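Read the structure below first, then the notes.
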Amino acid sequence: MTGPRHDPDLIRPYVRTGGQVRPSREVRLETVLIAASGPTETLAPDARRVMRLFAGGRGGLAVADIAAALELPPSTVRILVSSLMDSGHLASPTPVQGGRPGRDLLEEVLRGLRELV
């Protein structure tokens, strides 16, 4: 052996999340996030990496996209993201109340689809 390895993959998820084992809120892989304001200098290294993905005014990113970009396990990213949401660095747009589109909208979509075929 030539010495200790400095491979970032050797860092355990438990260490990356600061000891948290579960997200503090419901964050799914398809949850879309947007960056909110706030200083990032005091964040942990992995949290800063997450925030860098939103630099330059990029739009929303799904949790799965963040995990893929950072090459981290999705479960770890869910915990990191929920912590960033708790601190106000990330936000998720609120879903529309009711969750179902109106009949008029569905009919308009159907009409448009029929015109395509």
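Along the sequence shown, residues carry numbers from 1. Bear in mind the structure is a predicted one, so any value in this text is a computation, not a measurement.
Expressed to the nearest 0.5 Å, how far OG of Ser83 lies from CG of Leu43 amounts to 10.0 Å. Atom CZ in Arg25 sits 4.5 Å away from atom CG in Asp86 (nearest 0.5 Å).
No donor-acceptor pair under 3.5 Å is formed between the side chain of Thr31 and the backbone N or O of Val27. Arg49 places a side-chain N or O within donor-acceptor distance of the main-chain N or O of Leu70, the cut-off being under 3.5 Å.
Residues Ile66 and Leu80 form no side-chain contact, since every pair of their non-hydrogen atoms from C-beta on lies 4.5 Å or further apart. With contacts defined as side-chain heavy-atom distances shorter than 4.5 Å, the pair Leu90/Val50 qualifies. Within the 4.5 Å cutoff, the side chain of His89 has no heavy atoms near those of the Met85 side chain.
The heavy-atom pair separating Leu33 from Phe54 by the smallest distance is O-CE2, 3.4 Å. Contact detail for Gly88 and Ala36: the closest heavy-atom pair is O-CB, 3.1 Å. The minimum heavy-atom distance linking Pro74 with Ala67 is given by the pair CA-CB, 4.0 Å.
Linking ILVMFWY residues whenever their side-chain heavy atoms come closer than 4.5 Å, directly or via other members, leaves Val32 and Val63 in distinct clusters. A single hydrophobic cluster is not seen to contain both Val81 and Ile34; linkage of ILVMFWY side chains at heavy-atom distances under 4.5 Å, directly or through other members, places them apart.
For Glu41, there are no side chain to side chain donor-acceptor pair (under 3.5 Å) partners, not counting sequence neighbours. Judged as a side chain to side chain contact (heavy atoms under 4.5 Å, CB included), and not counting sequence neighbours, the contacts of Leu106 are Pro101. By the side chain to side chain donor-acceptor pair (under 3.5 Å) test, Arg114 is found to be paired with no residue, residues two or more places apart in sequence or in another chain being considered. Under the rule for a side chain to side chain donor-acceptor pair (under 3.5 Å), Arg48 has no partner lying at least two apart in sequence or in another chain. For Glu30, the side chain to side chain donor-acceptor pair (under 3.5 Å) criterion is met by Arg28, not counting sequence neighbours.
Between Glu115 and Arg111 there is no salt bridge, since none of the side-chain N atoms of the basic residue sits less than 4.0 Å from a carboxylate O of the acidic one.
Residue Leu105 belongs to a hydrophobic cluster whose other members are Val109, Leu113, Leu116, with links defined by side-chain heavy atoms closer than 4.5 Å.
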